[in-house]
Amino acid sequence: MTKYGSFPGSRPRRLRTTPAMRRMVAETRLHPADLILPAFVREGISAPVAIGSMPGVYQHTRDTLKKAAVEAVEAGVSGIMLFGVPEESKKDAAGTVGTDPDGILQVALRDVRAEVGDDLIVMSDLCLDEFTDHGHCGVLDAEGRVDNDATLERYAEMAQVQADAGAHVVGPSGMMDGQVGVIRDALDQAGHEDVSVLAYSVKYSSAFFGPFREAVGSSLKGDRKTYQQDPANARESLRELALDLEEGADMVMVKPAGPYLDILAKVADAVDVPVAAYQISGEYAMIEAAAERGWIDRDKAIMEALTGIKRAGANMILTYWATEVARQLRAG
């Protein structure tokens, strides 16, 4: 082929020639410390229960949860986010088992802290949906609507009992107006000034939450569109973000992650606090299902999805693959 002048004058492919070259010039790098493992602990079971819509994920017993926490530490994962699954008979309209010091979530927090101490950041989902018989994230008024301010009183109690049980971080996920400020005040009044608040500042009413309903044994009737955000909106996210920061959030989260990378990038550009993103159950299930059918390369798809979340601006990623991916990253 005849070469004309210096065309092409620029050859970006030179920096893609070998795996070593691509690794050297990579702009985004995943690290085990970026990862947080969400984990479910279920009351009243003697062996882990597989979650059918999330292959490889289980509802843990207290003992297997402790084992999972130790494995996360050994892999270099930074944190574990705990969700409690109570016995169905213990659910009620106010989610009282969620504030019972002997409720499954508080028991699990004590178990994990006793097992790993400060080697793993122990985080606690602060919400009522796992504990209410109607499945909503708050208490209901006489007309069946979620009562924002009455729910805040319950969240304040939850924050205190979760901190008492050993949570390093509480994660209010209910999207109630004013939740961060109320929780911060409740923690401080109880002498838990060192407990951090990871605010679910941007949480959309998403179809991708489907498998999570099975994971926590949800009793949800209806939907959560009156308190979780509309997927059509972006500016609203920045308003929610600003309010949570004013109320004292130490860290902020975008959830889901993959379908909302544009929002994640806006949030990351707007703040000077750590930003988390939650790769939720539906994101996990889609990759696992497609891989099981041979349609995609599972391991490569997982890494690509997580790299995209990190590239968009997440400092921390909650993912059900946390321990597995951390081991792979350590192995090189």
Side-chain angles (χ1 to χ4, degrees), residues 26-40 54 56-57 68-69 71-83 119-125 168-173 196-204 206 208-209 211-212 215 237 241 244 249-288 291 296 298-331:
E27 299 172 27
T28 304
R29 300 181 195 277
L30 283 172
H31 188 277
D34 300 332
L35 306 176
I36 297 166
L37 176 68
F40 308 100
M54 300 176 68
V57 181
E71 290 173 348
V73 171
E74 293 171 346
V77 170
S78 282
I80 186 168
M81 174 68 80
L82 300 185
F83 296 85
D119 292 339
L120 191 67
I121 301 302
V122 180
M123 304 179 171
S124 186
D125 180 62
H168 294 103
V169 177
V170 296
S173 60
S196 301
V197 177
L198 169 56
Y200 286 58
S201 298
V202 181
K203 184 177 180 182
Y204 283 93
S206 171
F208 292 96
F209 284 123
F212 182 85
S237 298
L241 176 70
D244 282 355
D250 299 289
M251 300 172 278
V252 296
M253 186 193 295
V254 175
K255 182 180 183 181
Y260 298 94
L261 295 181
D262 60 325
I263 305 300
L264 175 58
K266 290 177 185 291
V267 169
D269 286 343
V271 304
D272 57 3
V273 299
V275 176
Y278 197 145
Q279 184 186 53
I280 67 169
S281 59
E283 299 175 69
Y284 175 95
M286 287 193 302
I287 290 177
E288 289 287 354
I296 59 174
R298 176 185 180 275
D299 292 351
K300 289 180 180 178
I302 291 169
M303 288 296 187
E304 185 175 337
L306 291 172
T307 299
I309 296 167
K310 180 77 182 290
R311 187 185 64 243
N315 305 110
M316 305 166 292
I317 304 172
L318 288 85
T319 175
Y320 299 98
W321 290 301
T323 301
E324 175 187 343
V325 167
R327 287 171 176 158
Q328 293 177 5
L329 291 171
R330 279 194 155 184

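Numbers here simply count residues along the sequence, with the first being 1. Keep in mind the model is a prediction, meaning the values are calculated, not measured.
The distance from the CD atom of Glu74 to the CG atom of Asp119 is 10.5 Å, given to the nearest 0.5 Å. Atom CE of Met253 and atom CG of Leu264 lie 11.5 Å apart (nearest 0.5 Å). Atom CG of Leu318 is separated from atom CD1 of Ile80 by 10.5 Å, given to the nearest 0.5 angstrom. Atom CH2 of Trp321 sits about 4.0 Å away from atom CD1 of Ile287, to the nearest 0.5 Å. In this structure, the separation between OH on Tyr278 and CZ on Phe209 is 8.5 Å, given to the nearest 0.5 Å.
For the pair Ala270 and Leu241, the tightest heavy-atom approach, listed with the atom from each and the gap, is CB-CD2, 4.1 Å. In terms of heavy-atom proximity, Leu35 sits nearest to Ala322 at CD1-O, 3.5 Å. Of all heavy-atom pairs spanning Tyr204 and Pro256, the tightest one is CB-CD, 4.1 Å. Taking both residues in full, the closest heavy atoms of Ala277 and Ala314 are given as CB-CB, 4.0 Å, listed atom of the first, atom of the second, then distance. Leu120 and Val77 make their closest contact through CD1-O, 3.4 Å (heavy atoms, listed as atom of the first residue, atom of the second, distance). Tyr320 and Leu37 make their closest contact through O-CD1, 4.0 Å (heavy atoms, listed as atom of the first residue, atom of the second, distance).
The side-chain contact (heavy atoms from CB on, under 4.5 Å) check on Val169 picks up Ile121, Met123, Ser196, Leu198, Met251, with sequence neighbours excluded. Checked against side-chain hydrogen bond (donor to acceptor under 3.5 Å, both in side chains), Glu304 has no partners two or more places apart in sequence or in another chain. Under the side-chain contact (heavy atoms from CB on, under 4.5 Å) criterion, Ala268 pairs with no residue, sequence neighbours left out. The side-chain hydrogen bond (donor to acceptor under 3.5 Å, both in side chains) check on Tyr260 picks up nothing, with sequence neighbours excluded. For the salt bridge (charged side-chain N to carboxylate O under 4.0 Å, His left out) test, no residue two or more places apart in sequence or in another chain qualifies with Asp244. For Thr319, the side-chain hydrogen bond (donor to acceptor under 3.5 Å, both in side chains) test picks out Gln279, with sequence neighbours left out. For Arg311, the side-chain contact (heavy atoms from CB on, under 4.5 Å) criterion is met by Thr28, not counting sequence neighbours. Every residue meeting the side-chain contact (heavy atoms from CB on, under 4.5 Å) condition with Asp299, not counting sequence neighbours, appears here in chain and number order: Asp297, Glu324, Gln328. Annotation: side-chain hydrogen bond (donor to acceptor under 3.5 Å, both in side chains) contacts of Ser173 (sequence neighbours excluded): Asp125. When the ring pair (Phe, Tyr, Trp, His ring centres under 6.0 Å) test is applied to Tyr200, no partner is found at least two apart in sequence or on another chain.
Under the salt bridge (charged side-chain N to carboxylate O under 4.0 Å, His left out) criterion, the residue pairs touching residues 27-37 are Asp34-Lys310, with sequence neighbours excluded. Pairs engaging residues 252-280 under the salt bridge (charged side-chain N to carboxylate O under 4.0 Å, His left out) rule: none recorded [sequence neighbours left out].
Between the side chain of Glu283 and the main chain of Ala257, a donor-acceptor pair closer than 3.5 Å is present.
Between Ser206 and Ile280 there is a side-chain heavy-atom pair separated by less than 4.5 Å. Between Asp250 and Val273, the closest side-chain pair of non-hydrogen atoms is not below 4.5 Å.
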Practice task
Go through the steps to decide whether Val325 and Met303 satisfy the test side chain to side chain contact (heavy atoms under 4.5 Å, CB included), and finish with yes or no.
Solution key: CA-CA 8 Å; Val325 167; Met303 288 296 187; 3.7 Å; yes
